[in-house]
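Take a look at the structure set out below.
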Number of protein chains: 2
Amino acid sequence: MTIRIKVSHMATVGIRTTKQRTAVAEALTELDDFRSTQEIHEYLRERGDSVGLATVYRTLQSLSAAGDVDVIVREDGESVYRLCSEAHHHHLVCRKCGFTVEVEGPAVERWAESISTTHGFTQVSHTFEIFGLCPNCS
Amino acid sequence: MTIRIKVSHMATVGIRTTKQRTAVAEALTELDDFRSTQEIHEYLRERGDSVGLATVYRTLQSLSAAGDVDVIVREDGESVYRLCSEAHHHHLVCRKCGFTVEVEGPAVERWAESISTTHGFTQVSHTFEIFGLCPNCS
DNA sequence: GACTTAATGATAATGATTGTCAAATGCAAT
DNA sequence: ATTGCATTTGACAATCATTATCATTAAGTC
C-alpha cells in the first residue's frame, strides 16, 4: 500500500492567488516552448499585464518546486521554463528557437533509478535533455 | 569506411603550451571530482602556481571544446569540470561534496541519437546527469 | 637574439539571479 | 463591507559567475 501526497497541493497551503501569479500561469499556457524568466517577464509587459521581474522569478521557482512547470538548465546555465503535462518526461530542444519535442524514455528513468540506488545515493534527481537545431533552424 | 579526425588535435594548431595551461591541466589530474572554475583557480593559487581567473576560464573552455575535459552544468547553472577518460559517459554526482561516479549507458546514447534524427534535429548534443547525495553526505 | 603573434592578467562590464524592505493586497473573521 | 494581519509585490541594490578589454608578457620560429 502506498501513500501519495500531492506536494503541489501541500505547497498551496498558505499560498495566495494573486493577479501576478495568474498572469504568469497564463503566459505559460500561451507560450509553448521553453522560455527564460526574462522572456516571460517581457511577454507579460507587452501583453499589458506587467509583473515585476523579481515576482516572475519567484513565481516560476515556486511553480517548478510544486512540479507544475518543467525547468531545463540550458547549456549556457540559464534556466528556462515550460508548462508541463502530468507525466515525467524529457525534451528535445532547439538551441536557436526553443522549439521543443517532448520525449519519454521509461528505460532511462529505470536505469537512473537503479544506478543511484546501487551506489547508495539518496535524494536523487536526474536531467536528460537533448539540445540541437530543429529542421527550421538547421 | 569512416574518416575520423581528431578535433582535439586540429584545435592544437597555433595553440601554445604555456605554464598556465600546464598548471590547469595538472590541477585537473590532481582534483578528482567535478570542480568549478573558481575552485580550480583557488586550488592553483594555494598550490603556488597562481593563474589568472580569466585564463582558467579560457583554458577550461578550450579543453572542453577539445573534448579533453567533461563539463557538467549543475542545477544552479554553474559549470563544473573534470578530466575525462576517453569514452563518452555520464555521471552520478553528489550535490554536496562533488563525489562522482562515472556511468555508461550505451542504450541511452543510441536512444538520444534516434530520437534526434527522427525529428530532423542536427548538431545535437545531450546531457544526462544524475544528481543526489552520496552515502557519506546523506 | 629578434620578431611575430598568441596568451596572460588585472580589471571593467555584462547578465542572470537573489536579497531587501516599505507599500500593497489577498483572505479570513468580524 | 471593514478590519487585521500575514503574504506578496516591486523597485532597486547586491551578488555571483562568466565574458570582454587591452596593454603587457612570453611561445615558437627564423
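The basis for the numbers below is simple: all heavy atoms, side chains too, and nothing from hydrogens, waters or symmetry mates. By convention in this document, chain letters (A, B, ...) are assigned in the order of the sequence lines, proteins followed by strands, and residues within each chain are numbered from 1. Quick caveat: nothing in here was measured; it's all calculated off a predicted structure.
- For B/Phe128 and B/Trp111, the distance between ring centers is not under 6.0 angstrom.
- When the nucleotides C/dG9, D/dG28, D/dT7 are ranked by their closest atom to the side chain of B/Arg16, D/dG28 comes out on top.
- Between B/Phe121 and A/Phe99, the two ring planes are parallel [angle under 30°; tilted spans 30° to 60°].
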Evaluate salt bridge (Lys or Arg N to Asp or Glu O under 4.0 Å) for A/Glu42 paired with A/Arg45, printing each intermediate quantity in order.
CA-CA 5 Å; A/Glu42 176 61 18; A/Arg45 207 185 54 66; 2.9 Å; yes
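- Residue A/Gln61 has a polar side-chain atom (N or O) positioned under 4.0 Å from OP1 or OP2 of C/dT18.
- Within the nucleic acid shown, B/Thr18 comes within 4.0 Å of sugar-phosphate atoms alone, with no base atom in reach, counting heavy atoms only.
- Side chain of A/Glu46 to main chain of A/Tyr43: no donor-acceptor pair is present (N/O by atom type, distance under 3.5 Å, no hydrogens or angles).
- The nucleotide whose nearest atom lies closest to any side-chain atom of A/Thr17 is, among C/dC27, D/dG10, C/dA10, C/dC27.
- Between A/Arg45 atom CZ and D/dG10 atom P the separation is 14 Å, expressed in whole Å.
- Of the residues in residues 19-43 of chain A, those with a non-hydrogen atom less than 4.0 angstrom from any atom of DNA chain D are A/Gln20, A/Arg21.
- Taking only side-chain nitrogens and oxygens, A/Tyr57 comes nearer than 4.0 Å to OP1 or OP2 of C/dT17.
- The stretch residues 72-83 of chain A touches DNA chain C through A/Glu78, A/Ser79, each having a heavy atom under 4.0 angstrom from the strand.
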Before giving the answer on salt bridge (Lys or Arg N to Asp or Glu O under 4.0 Å), spell out for A/Glu129 and A/Arg74 the whole-Å C-alpha distance, their side-chain angles and the decisive distance to 0.1 Å.
CA-CA 9 Å; A/Glu129 317 302 341; A/Arg74 274 195 319 217; over 6 Å; no
May I have the step-by-step check of salt bridge (Lys or Arg N to Asp or Glu O under 4.0 Å) for A/Arg35 and A/Glu30, ending in yes or no?
CA-CA 11 Å; A/Arg35 305 291 180 174; A/Glu30 293 167 20; over 6 Å; no
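- With a 4.5 Å cut-off on side-chain heavy atoms, A/Arg82 and A/Glu102 count as touching.
- Both A/Arg58 and B/Thr59 sit near DNA chain C, but only B/Thr59 has its closest nucleotide nearer the 5' end.
- Annotation: side chain of B/Leu44 is not in contact with side chain of B/His41 (no heavy-atom distance under 4.5 Å).
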